[in-house]
K.L.:
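Could you have a look at this structure, given as structure tokens, before my questions?
Worth knowing before you read on, the calculation uses all heavy atoms, side chains too, and leaves out hydrogens, waters and symmetry mates.
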Amino acid sequence: MNKNAFGQPLSRRTALQLLGVGGAGAALTACAGPGSTAGSTSAASAPATGKPTGAISFAHWRAEDKDVFAKLISAFQSATPDVTVRQDISPSNDYQSSALQRIRGGSVGDVFTAFRGAQFVDMVKAGVYTDMSKQAVVQQYEPSLITAGQQDGTQYGFPYQVVFNMPVTNEDIIGTATGGTPPKDWQSFLDLCDKLKSQGLVPIAWPGGDPGNAGQLFNSMVMNNAPSDDMCAKIESGEYKCTDDWFLTTLKQYQQLKPYFQPNSTGTAVEPCQQIFATKKAAMLATGSYHIAAIRALGATFPMNVISPITTSAEKAKYEGIYNATFILGVNSHSQHQAAASAWLEFLSQPANAGEYANGTSQHVTVKGVEYTNPDLKALAPWLQKKTLLAPRFQFNNLDIRSAVEGACIAVVGGKSPDAAAADAQRVVDQQRSQ
């Protein structure tokens with residue numbers, strides 16, 4: 001059975017609801033994730049009401065979803081003729097670093113999104129989210145899956161996506177190589193990579209030159225090595241250090257994976273990795289299920305799934321994989337067209353429209369009653385009931401610390417010793433904590 005960040009079980013009811021099927025049982029108890037901190041800003045006012053009018057901006061980082069959103073915007077504008085919506089899309093790394101400054105002015109992002117963790121916390125503190133707690137739209141969502149959009153009991157935003165942040169697999173290749181049984185321990189995973197490499201394949205396409213995507217593998221690499229589920233929060237607080245044995249073990253395992261990445265992996269952007277995976281030259285793409293639609297757009301027709309490296313022995317493994325609830329939708333408190341912004345958010349929150357988004361982008365959503373017809377979503381459905389950990393990299397609220405910690409992994413693949421990389425990362429952590 002799937003579990004949340006504190007190891008609490010995800011009920012069959014919740015899993016079935018995600019698939020658009022009714023069921024009985026207790027609901028998932030979830031949280032924003034260990035390490036999330038309460039914002040210091042009091043709750044912003046609820047969005048303004050009135051007739052939706054005006055030209056609004058929808059700010060997000062999902063360029064691969066542009067066409068699906070364009071279809072939804074067209075339908076919305078037909079139903080709401082006094083409103084127009086434009087998409088303001090930034091690359092994910094740029095969005096992480098600069099979205100708050102752009103959204104704060106109110107001219108961009110009447111409706112905007114946030115990454116779970118540091119960015120959401122910063123945006124709440126900056127007061128750019130409006131308070132959606134008492135809005136009817138809340139009832140459209142599965143309560144257990146939108147807690148990452150809450151702080152101090154206030155519902156600021158709505159995590160829209162449920163994704164699996166772990167390597168995507170070509171099931172024709174992986175299924176044949178494993179006999180249908182994924183590796184259950186570290187040595188078996190390395191043996192699989194050896195077998196794939198001997199066939200002339202790149203075992204793992206890893207975008208080490210794109211920190212935002214390179215860091216997704218980090219989730220899997222630490223999930224079973226760390227002493228506790230809130231490992232990243234404890235690195236940030238100083239309770240754990242990058243020089244601790246468990247983290248050094250993780251860095252040494254990255255070192256072991258280096259021969260199985262494509263050449264110049266630390267300098268490779270995500271697009272070339274998608275290309276070699278889509279053309280069957282790589283068996284795995286070390287990003288996440290959120291890239292499946294992009295791979296399909298490149299012409300891939302083979303069956304896909306996800307896999308997570310198990311970095312311990314089978315007996316010591318607590319988790320099978322990683323999931324995340326993110327893409328946190330909100331209405332900008334500085335927007336001059338809040339009624340229109342609220343109408344667009346409400347439109348996205350309707351099951352039929354959320355279903356079109358989900359099936360068009362190969363991503364599960366948090367909206368209730370969605371019917372999934374996408375074959376890739378059906379293939380990933382069993383992961384809704386497996387033992388998965390809420391993606392720990394988003395526990396970091398200080399992005400400089402996160403960059404240093406994840407950067408140590410990239411540095412090791414680039415040739416630095418694990419001890420040196422860990423010491424360098426810890427220096428940054430200590431400097432940030434002393435400020």
K.L.:
Quick one about Glu356 and Asn359 (side-chain donor to acceptor, distance below 3.5 Å, no hydrogens or angles considered), yes or no?
P.N.:
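Distance-only check fails for Asn359 and Glu356.
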K.L.:
Under a 3.5 Å cutoff, is there a donor and acceptor pairing between the side chains of Glu239 and Ser237?
P.N.:
no
K.L.:
Is a donor on one side and an acceptor on the other found under 3.5 Å between the side chain of Asp110 and the backbone of Ser57?
P.N.:
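Yes, Asp110 side chain to Ser57 backbone: donor-acceptor pair under 3.5 Å.
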K.L.:
Please verify the inter-ring angle class for Phe58 with His60; under 30° counts as parallel, over 60° as perpendicular, anything in between as tilted.
P.N.:
tilted
K.L.:
Once the angle between the rings of Phe115 and Tyr95 is folded into 0 to 90°, is it parallel (under 30°), tilted (30 to 60°) or perpendicular (over 60°)?
P.N.:
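Perpendicular.
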K.L.:
Using modelled atom types only, decide if a donor and an acceptor are shared between the side chain of Glu236 and the backbone of Asn398 within a distance under 3.5 Å.
P.N.:
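Pair found, side chain donor or acceptor close to backbone of Asn398.
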K.L.:
Which distance, rounded to the nearest 0.5 Å, do you find between the CD1 of Ile89 and the CZ of Arg62?
P.N.:
10.5 Å
K.L.:
Begin with the C-alpha distance, continue with both residues' side-chain angles, and end with the deciding distance and a verdict on side chain to side chain donor-acceptor pair (under 3.5 Å) for Gln262 and Thr268.
P.N.:
CA-CA 9 Å; Gln262 76 282 0; Thr268 309; 3.2 Å; yes
K.L.:
Give, for atom CD of Gln161 and atom CZ of Phe327, the distance between the pair rounded to the nearest 0.5 Å.
P.N.:
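Answer for the CD-CZ pair, Gln161 versus Phe327, is 5.5 Å.
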K.L.:
So, do Pro392 and Val222 sit near enough that their side-chain heavy atoms are less than 4.5 Å apart?
P.N.:
yes
K.L.:
How close do Ala411 and Ala421 get, counting heavy atoms only, and between which atoms?
P.N.:
CB-CB, 4.3 Å
K.L.:
Would you confirm whether the ring centroid of Phe112 sits within less than 6.0 angstrom of the ring centroid of Tyr129?
P.N.:
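For Tyr129 and Phe112, the ring centres are under 6.0 Å apart.
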K.L.:
Would one find more than 12 heavy atoms of other residues, nucleotides or ligands at under 6.0 Å from atom CZ of Arg102?
P.N.:
no
K.L.:
Taking the ring of Phe164 and the ring of Tyr323, is the distance between their centroids below 6.0 Å?
P.N.:
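That pair fails the under 6.0 Å test.
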K.L.:
Indicate, with yes or no, if the rings of Trp206 and Tyr260 have centres closer together than 6.0 Å.
P.N.:
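Trp206 vs Tyr260: aromatic centres not under 6.0 Å.
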K.L.:
Tell me whether Thr113 contacts the main-chain N or O of Ile328 through its side chain, where contact means a donor paired with an acceptor under 3.5 Å.
P.N.:
no
K.L.:
Cut-off 3.5 Å, side chains only: do Asn353 and Gln350 have a donor facing an acceptor?
P.N.:
yes
K.L.:
Does this structure show an ion pair linking Asp172 with Lys280, if we count only N-O contacts that are shorter than 4.0 Å?
P.N.:
no
K.L.:
Tell me, with the steps shown, if Val370 and Val365 meet side-chain contact (heavy atoms from CB on, under 4.5 Å).
P.N.:
CA-CA 8 Å; Val370 169; Val365 291; 3.8 Å; yes
K.L.:
Do Thr249 and Lys252 have side chains that approach each other closer than 4.5 Å (heavy atoms only, starting at C-beta)?
P.N.:
no
K.L.:
Strictly distance-based, threshold 3.5 Å: is any side-chain N or O of Asp185 a donor or acceptor partner for the main-chain N or O of Thr312?
P.N.:
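Between the backbone of Thr312 and the side chain of Asp185 there is no qualifying donor-acceptor contact (under 3.5 Å).
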K.L.:
Measure the shortest side-chain to side-chain distance between Glu142 and Val367 over non-hydrogen atoms and say whether it is less than 4.5 angstrom.
P.N.:
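No; the side chains remain at least 4.5 Å from each other.
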K.L.:
Once you round to the nearest 0.5 Å, how far does CD1 of Ile56 lie from CG of Asp88?
P.N.:
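So the CD1 of Ile56 and the CG of Asp88 are separated by 11.0 Å.
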K.L.:
Aromatic ring centroids of Tyr254 and Phe261 under 6.0 Å?
P.N.:
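Ring centres of Phe261 and Tyr254 not closer than 6.0 Å.
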K.L.:
So which heavy atom on Pro303 is nearest to which on Arg296, and how close?
P.N.:
CA-NH2, 4.2 Å
K.L.:
Does the Asn224 side chain pair with the main chain of Ala317, one donor and one acceptor, at a distance under 3.5 Å?
P.N.:
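Side chain of Asn224 to backbone of Ala317, a donor-acceptor pair under 3.5 Å: no, none is there.
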K.L.:
Please determine if Glu406 and Arg393 form a salt bridge, counting it only when a charged side-chain N lies under 4.0 Å from a carboxylate O.
P.N.:
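Arg393 and Glu406: salt-bridged.
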K.L.:
How far does CE of Met132 sit from CD of Glu346, to the nearest 0.5 angstrom?
P.N.:
8.5 Å
K.L.:
Could you walk me through whether Thr388 and Tyr319 pass the side chain to side chain donor-acceptor pair (under 3.5 Å) test, one step at a time?
P.N.:
CA-CA 5 Å; Thr388 53; Tyr319 296 105; over 6 Å; no
K.L.:
On a heavy-atom basis, which atom in Leu298 and which in Ala278 lie closest, and how many Å separate them?
P.N.:
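What the structure gives for the nearest pair is CB-CB, 3.8 Å.
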K.L.:
Do Tyr290 and Glu64 have side-chain N/O donor and acceptor atoms under 3.5 Å apart?
P.N.:
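Tyr290 vs Glu64: no donor-acceptor pair found between side chains.
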K.L.:
Ignoring hydrogens, what is the shortest heavy-atom contact between Met123 and Ala114? Give both atom names and the distance.
P.N.:
SD-CB, 3.7 Å
K.L.:
Between the side chains of Tyr156 and Asp131, is a donor N or O closer than 3.5 angstrom to an acceptor N or O?
P.N.:
no
K.L.:
How far apart are the closest heavy atoms of Ala99 and Gln119, and which atoms are they?
P.N.:
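The pair with the smallest heavy-atom distance is CB-NE2, 3.8 Å.
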K.L.:
Looking only at non-hydrogen atoms, find the nearest pair between Ile276 and Ala205 and report the distance.
P.N.:
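For Ile276 versus Ala205, the nearest heavy atoms are CD1-CB, 3.7 Å.
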K.L.:
Is any side-chain heavy atom of Ile235 closer than 4.5 Å to one of Phe396?
P.N.:
yes
K.L.:
Rounded to the nearest 0.5 Å, how far apart are CZ of Phe189 and CD of Gln253?
P.N.:
10.5 Å
K.L.:
Testing Leu196, Asn170, Val168 one by one against Met284 for a side chain to side chain contact (heavy atoms under 4.5 Å, CB included), which residue passes?
P.N.:
Leu196
K.L.:
For the pair Thr366 (side chain) and Pro159 (backbone), establish whether a donor and an acceptor sit closer than 3.5 Å, ignoring hydrogens and angles.
P.N.:
yes
K.L.:
State, without any angle test, whether Trp186 and Gln256 hold a side-chain donor-acceptor pair at a distance under 3.5 Å.
P.N.:
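Yes, side-chain donor-acceptor contact under 3.5 Å.
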K.L.:
Would Ser362 and Asn374 satisfy side chain to side chain donor-acceptor pair (under 3.5 Å), going step by step from the backbone distance to the final call?
P.N.:
CA-CA 7 Å; Ser362 301; Asn374 182 303; 3.1 Å; yes
K.L.:
Should Met166 and Glu320 be marked as a side-chain contact (heavy atoms from CB on, under 4.5 Å) after you check the CA-CA gap, both sets of side-chain angles, and the distance that decides it?
P.N.:
CA-CA 10 Å; Met166 48 184 170; Glu320 296 175 81; over 6 Å; no
K.L.:
If we ignore angles and hydrogens, is there a donor and acceptor under 3.5 Å between the side chains of Asn305 and Thr169?
P.N.:
no
K.L.:
Between Asp376 and Lys378, does at least one N-O distance fall below 4.0 Å, as a salt bridge requires?
P.N.:
no
K.L.:
Is it the case that atom CD in Gln336 sees more than 12 heavy atoms from other parts of the structure closer than 6.0 Å?
P.N.:
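No, the 6.0 Å shell around CD holds no more than 12 heavy atoms from other groups.
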K.L.:
Looking at CZ of Arg427 and CD of Gln431, how far apart are the two atoms once the value is rounded to the nearest 0.5 Å?
P.N.:
8.0 Å
K.L.:
Please walk me through it: do Thr250 and Asn225 pass side chain to side chain donor-acceptor pair (under 3.5 Å)?
P.N.:
CA-CA 7 Å; Thr250 301; Asn225 283 346; 2.9 Å; yes
K.L.:
What verdict does the side-chain contact (heavy atoms from CB on, under 4.5 Å) test give for Cys242 and Val405, after you've listed the backbone C-alpha separation in whole Å, the side-chain angles of each residue and the deciding distance to 0.1 Å?
P.N.:
CA-CA 7 Å; Cys242 298; Val405 174; 3.8 Å; yes
K.L.:
Donor-acceptor check, side chain of Ser188 to backbone of Lys184, threshold 3.5 angstrom: yes or no?
P.N.:
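No; judged by distance alone, with no hydrogens or angles, the pair does not exist.
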K.L.:
Distance-only, no hydrogens or angles: does the Ser97 side chain make a donor-acceptor pair with backbone N or O of Asp94 under 3.5 Å?
P.N.:
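The answer is yes, because a donor-acceptor pair under 3.5 Å joins these two groups.
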K.L.:
Short question: side chain of Asp230, backbone of Ala233 - any donor-acceptor pair under 3.5 Å?
P.N.:
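Here the side-chain-to-backbone pair does not exist.
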K.L.:
Under the 3.5 angstrom rule, does the side chain of Asp430 hit a backbone N or O of Gly238 as a donor-acceptor pair?
P.N.:
no
K.L.:
With a 4.5 Å cut-off on side-chain heavy atoms, are Gln87 and Lys66 touching?
P.N.:
yes
K.L.:
Taking the side chain as every heavy atom from C-beta outward, state whether Met223 and Lys318 have any pair of such atoms under 4.5 Å apart.
P.N.:
no
K.L.:
If you apply the rule side-chain contact (heavy atoms from CB on, under 4.5 Å), what do you find for Gln274 with Leu285, and how did you get there?
P.N.:
CA-CA 7 Å; Gln274 291 175 337; Leu285 171 65; 4.2 Å; yes
